[in-house]
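Basis for what follows: all heavy atoms, side chains included, without hydrogens, waters or symmetry-related copies.
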Amino acid sequence: MRYYGITDRGKVRKDNQDSYVIATNAADEVFAIVADGIGGNSGGDIASRMAVGLFSKLFSETEAFQSFAEAKRWINHAVYQCNHAIYSYGRAHEQLKGMGTTLCGVLIAGFGTVVVNIGDSRVYCWQGRDFHQLTRDHSLVNDMVMHGELTEEEAKTYPKKNVLTNALGVWEDAKADVELLKEKTDGFLICSDGLHGYVTQEAITDILFEGDMEPGRRARRLIKAALDAGGLDNVTVVLIDLEGTAC
């Protein structure tokens, strides 16, 4: 397995409210997470850092997961702890009230791989040259598309396309999508909307499959593509290549 993570402030934003972590536990299982903070002032920055920091700490203390059911219970409990910590911090600091973050990632364990999602950061996977999205955006615009109120083309320019229906730390309760991956895959891309919101899936695919590049070079090229598209948002990319040696 080879993996690489990178984040960039972009060309417009004053701060980088994205965070990521590629954590391991006592059994050398891997949990890779991207968090995209939301909220005024520095709230989003704090929330995303709290999310990846707490998840990384909790995960580092675990032993090998024996089953999907065990991993799902642990993830849901960690989500509860994370949500409570961020929500409480925001309530205790008036200027940060309402701060929160997305959280999206993959847990690669001995029994299989678990995909986790809260918000509109995304997990994609590929096998051969087949590249597709695994997660469902928790956003107003995606709900409208699913209910036939907007087409996918209309959704791209919808004024409220950044409104989330689920996030970590904003509300007293948060619920994560926790799914066992049932398909065979060669690797994963985890990213914030600073990538998928500005670079088309076709362009991402072209970069991923252009020659035999190691994950670090591919990740940096994806960041460059987002910057070349205007760099209007923070952008974070984590790439996991299951076919190689860790780097």
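In this structure, CE on Met99 lies 10.0 Å from CG on Leu168, to the nearest 0.5 angstrom. In this structure, Leu242 CG and Ile108 CD1 are separated by 5.0 Å, a value rounded to the nearest 0.5 Å. The distance from atom CD1 of Ile33 to atom CD1 of Ile22, rounded to the nearest 0.5 Å, is 10.5 Å. The CG atom of Leu140 sits 7.5 Å away from atom OG1 of Thr165, with the distance rounded to the nearest 0.5 Å. If you take CD on Gln201 and CG on Leu189, they are separated by 9.5 Å, rounding to the nearest 0.5 Å. Put simply, CD1 on Ile190 and CG on Asn117 are 10.5 Å apart, with the number rounded to the nearest 0.5 Å.
Neither side chain, Asp36 nor Ser121, offers a donor N or O lying under 3.5 Å from an acceptor on the other.
With hydrogens and angles ignored, the 3.5 Å screen pairs a side-chain donor or acceptor of His196 with a backbone N or O of Asp120. The closest donor-acceptor contact from the side chain of Asn83 to the backbone of Gly169 lies under 3.5 Å. The main-chain N or O of Gln127 is never found under 3.5 Å from a side-chain atom of Thr185 such that the two would form a donor-acceptor pair. Between the Glu29 side chain and the Asn25 main chain, no donor and acceptor come within less than 3.5 Å of each other. Here the side chain of Ser48 pairs a donor or acceptor atom with the backbone of Asp45 at under 3.5 angstrom.
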Requested in this report: Please step through side-chain contact (heavy atoms from CB on, under 4.5 Å) for the pair Glu202 and Thr205, ending with a clear verdict.
Outcome: CA-CA 5 Å; Glu202 291 76 16; Thr205 304; 5.6 Å; no

Report task. Run the numbers on Leu134 and Cys125 for side-chain contact (heavy atoms from CB on, under 4.5 Å), then give the verdict. Result -> CA-CA 7 Å; Leu134 290 174; Cys125 75; 3.7 Å; yes

Report task. Evaluate side-chain contact (heavy atoms from CB on, under 4.5 Å) for Leu232 paired with Tyr198, printing each intermediate quantity in order. Result -> CA-CA 8 Å; Leu232 302 178; Tyr198 300 94; 3.8 Å; yes

Query - Stepwise side-chain contact (heavy atoms from CB on, under 4.5 Å) check, Leu208 with Trp126 - result: CA-CA 9 Å; Leu208 285 177; Trp126 71 85; 4.3 Å; yes

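In the hydrophobic clustering of this structure, Leu58 groups with Leu107; members are Ile, Leu, Val, Met, Phe, Trp, Tyr whose side-chain heavy atoms approach within less than 4.5 Å, directly or through other members. Cluster annotation: Ile240 and Met213 are assigned to distinct hydrophobic clusters (Ile/Leu/Val/Met/Phe/Trp/Tyr, side-chain heavy-atom contacts under 4.5 Å, transitive).
Salt-bridge formation is detected for the pair Asp241/Arg218: a Lys NZ or Arg NE/NH1/NH2 atom is positioned less than 4.0 Å from an Asp or Glu carboxylate oxygen. With salt bridges taken as basic N to acidic carboxylate O contacts below 4.0 Å, one links Lys57 and Glu61. Salt bridge annotation for Glu210-Arg221: present, with a cationic side-chain nitrogen under 4.0 angstrom from a carboxylate oxygen. The pair Asp15-Arg9 does not count as a salt bridge, with every side-chain nitrogen at least 4.0 angstrom from each carboxylate oxygen.
Looking at Tyr80, Phe65, Phe68 one by one, the single match for ring-ring contact (aromatic ring centres under 6.0 Å, His included) with Trp74 turns out to be Phe65. With Arg122 as reference, Asp137 is the one residue of Asp137, Asp193, Thr135 to meet the side-chain hydrogen bond (donor to acceptor under 3.5 Å, both in side chains) rule.
Evaluation of the ring pair (Phe, Tyr, Trp, His ring centres under 6.0 Å) rule for His93 yields Tyr89 as partners, not counting sequence neighbours. In terms of the side chain to side chain donor-acceptor pair (under 3.5 Å) criterion, Asp8 has no residue partners (sequence neighbours excluded).
A 6.0 Å sphere centred on CZ of Arg91 holds no more than 12 heavy atoms belonging to other residues, nucleotides or ligands. Heavy atoms from other residues, nucleotides or ligands lying under 6.0 Å from CD of Glu63 number 12 at most.
Taking the six-membered ring for Trp and the full ring otherwise, Tyr87 and Trp171 have centroids separated by 6.0 Å or more. Between Tyr124 and Phe131, the distance from one ring center to the other falls under 6.0 angstrom.
A cation-pi arrangement is found for Arg220 relative to Tyr4, the charged atom lying closer than 6.0 Å to the ring centre and inside a 45° cone about the ring normal.
Relative orientation of the Phe55 and Phe31 rings is perpendicular, given thresholds of 30° and 60° on the angle between their planes.
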